[in-house]
Colleague: 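Here's a structure for you.
Since the structure is predicted, the reported quantities are computational estimates derived from the model, not experimental observations. Along the sequence shown, residues are numbered consecutively beginning with 1.
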Amino acid sequence: GGAYREAREHLEVACALAPTLPPRAPIEQARLHRMYAEALDGVGEIDASGRQLMEALAALGRPLPRSRAGWMALLAGQVARQLWLRLVPGAHRAAPSRQAPLEEAAIAASRLVAYYFFRNQMAELMASVTLASNLAESAGADAPHARAGAFLAGMVGVMGLRSVAR
């Protein structure tokens with residue numbers, strides 16, 4: 001509780017001041033928004049947390065869709081990418097210079113899962129978790145990949161596709 005409240009206050013000020021300061025690298029902007037989102041989530045401000053996670057992804061050049069059709073297209077594309085990653089293992093790894101931004105995007109996308117879960121937006125949830133898994137795998141990041149992969153496998157299992165989940 002208390003630590004999240006304090007972090008929330010400081011990160012809110014930092015986000016408010018950021019546009020008035022010299023431009024920062026996209027990954028730094030994204031990390032600030034993601035950390036603010038995590039503090040907001042820690043004090044129960046789930047909607048505000050989700051908005052900050054969307055800002056983090058946008059800062060990394062990965063804005064999320066605004067329409068249902070856009071979300072369905074994102075989901076379809078990410079499912080296709082997931083299949084490609086299974087068929088051609090190792091061909092997806094990003095260059096080392098691109099791995100940190102991909103990992104940051106993976107963390108932000110995986111945190112959005114709770115936001116969409118609580119809003120009962122299943123297409124957005126599935127697209128976010130599949131995106132997170134794909135980004136983490138491309139970045140070579142174990143922790144976000146494990147979290148997103150576990151959730152993705154659980155969702156596929158719940159949908160009755162147990163053989164795919166394995």
Colleague: Closest heavy-atom contact between Cys15 and Tyr36?
Modeller: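 Residues Cys15 and Tyr36, closest heavy atoms: SG-CD2, 3.6 Å.
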
Colleague: Looking only at heavy atoms, what is the nearest atom pair of Leu102 and Ala94, with distance?
Modeller: CD1-CB, 3.3 Å

Colleague: Test your reading of the model: is there a side-chain donor-acceptor pair from Thr130 to the backbone of Met126, 3.5 Å cut-off?
Modeller: yes

Colleague: Output a table of donor-acceptor pairs, distance under 3.5 Å, between side-chain atoms of residues 20-32 and any protein atom two or more places apart or on a different chain; print 'none' if there are none.
Modeller:
| from | atom 1 | to | atom 2 | distance (Å) |
| --- | --- | --- | --- | --- |
| Thr20 | OG1 | Leu17 | O | 2.6 |
| Arg24 | NE | Glu28 | OE1 | 2.7 |
| Arg24 | NH2 | Glu28 | OE1 | 2.6 |
| Gln29 | NE2 | Arg24 | O | 2.7 |
| Arg31 | NE | Glu104 | OE1 | 3.3 |

Colleague: Give a yes or no answer on whether the side chain of Asn134 reaches the backbone of Gln78 with a donor-acceptor pair at less than 3.5 Å.
Modeller: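 Flag set: sc Asn134 to bb Gln78 pair under 3.5 Å.
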
Colleague: Rounded to the nearest 0.5 Å, what's the gap from CG on Leu60 to CD on Glu55? Could you check?
Modeller: 11.5 Å

Colleague: Can you check whether Gln52 reaches Leu40 side chain to side chain, under 4.5 Å on heavy atoms?
Modeller: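 Touching, per the 4.5 Å side-chain cut-off.
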
Colleague: Distance-only, no hydrogens or angles: does the Ser138 side chain make a donor-acceptor pair with backbone N or O of Leu135 under 3.5 Å?
Modeller: no

Colleague: State, with a plain yes or no, whether a side-chain heavy atom of Leu131 is found less than 4.5 Å away from one of Leu112.
Modeller: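 Not touching, per the 4.5 Å side-chain cut-off.
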
Colleague: Check for a donor-acceptor pair, side chain of Trp71 on one end and backbone N or O of Pro65 on the other, with a separation under 3.5 Å.
Modeller: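 Yes.
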
Colleague: Heavy atoms only: give me the nearest Ala105-Leu57 pair and the separation to one decimal.
Modeller: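 Scanning both residues, the minimum pair turns out to be O-CD2, 3.5 Å.
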
Colleague: To the closest 0.5 Å, what do you measure between CZ (Arg5) and NE2 (His10)?
Modeller: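 So the gap between those two atoms works out to 12.5 Å.
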
Colleague: Quick check: is Leu74 connected to Tyr115 through a chain of hydrophobic side chains (ILVMFWY, heavy atoms under 4.5 Å apart)?
Modeller: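 As far as the 4.5 Å side-chain criterion goes, Leu74 and Tyr115 are connected within one cluster.
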
Colleague: Can Leu53 be reached from Phe117 by stepping across I, L, V, M, F, W or Y side chains whose heavy atoms are under 4.5 Å apart?
Modeller: yes

Colleague: Quick one: do Val113 and Ile46 end up in the same hydrophobic cluster if we chain Ile, Leu, Val, Met, Phe, Trp and Tyr together by side-chain heavy atoms under 4.5 Å apart?
Modeller: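 In one cluster with Val113: Ile46, yes.
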
Colleague: Any chance you could lay out the side-chain contact (heavy atoms from CB on, under 4.5 Å) test for Arg81 and Glu137, step after step, and finish with the verdict?
Modeller: CA-CA 11 Å; Arg81 181 164 175 78; Glu137 199 163 345; over 6 Å; no

Colleague: Is Met122 reachable from Val79 through a run of I, L, V, M, F, W or Y residues, each pair having side-chain heavy atoms under 4.5 Å apart?
Modeller: yes

Colleague: Hey, could you give me the CZ/CE distance between Arg51 and Met54, rounded to the nearest 0.5 Å?
Modeller: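 So the CZ of Arg51 and the CE of Met54 are separated by 8.5 Å.
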
Colleague: Check Arg93 against Ala139 and note the closest heavy-atom contact, atom names and distance.
Modeller: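 The answer is CD-C, 4.3 Å.
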
Colleague: Search all heavy atoms of Leu64 against all heavy atoms of Tyr116 and return the closest pair with its distance.
Modeller: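 Shortest heavy-atom contact: CD1-OH, 4.0 Å.
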
Colleague: Between the side chain of Glu103 and the main-chain N/O of Ala136, is any donor-acceptor distance below 3.5 Å?
Modeller: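 Side chain of Glu103 to backbone of Ala136: no pair is present.
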
Colleague: To the nearest 0.5 Å, how far apart are CE in Met72 and CD in Glu124?
Modeller: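 Reported to 0.5 Å precision, the distance equals 9.0 Å.
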
Colleague: Are Arg119 and Leu125 close enough that some pair of their side-chain heavy atoms sits under 4.5 Å apart?
Modeller: no

Colleague: Can you name the residues that form a side-chain hydrogen bond (donor to acceptor under 3.5 Å, both in side chains) with Glu38, not counting sequence neighbours?
Modeller: Arg34, Arg111

Colleague: How long is the straight-line distance from OG of Ser49 back to NE2 of His33, given to the nearest 0.5 Å?
Modeller: 12.5 Å

Colleague: Does any part of the side chain of Arg8, heavy atoms only, come nearer than 4.5 Å to the side chain of Glu45, both counted from C-beta?
Modeller: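 Yes, at least one pair of side-chain atoms sits under 4.5 Å.
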
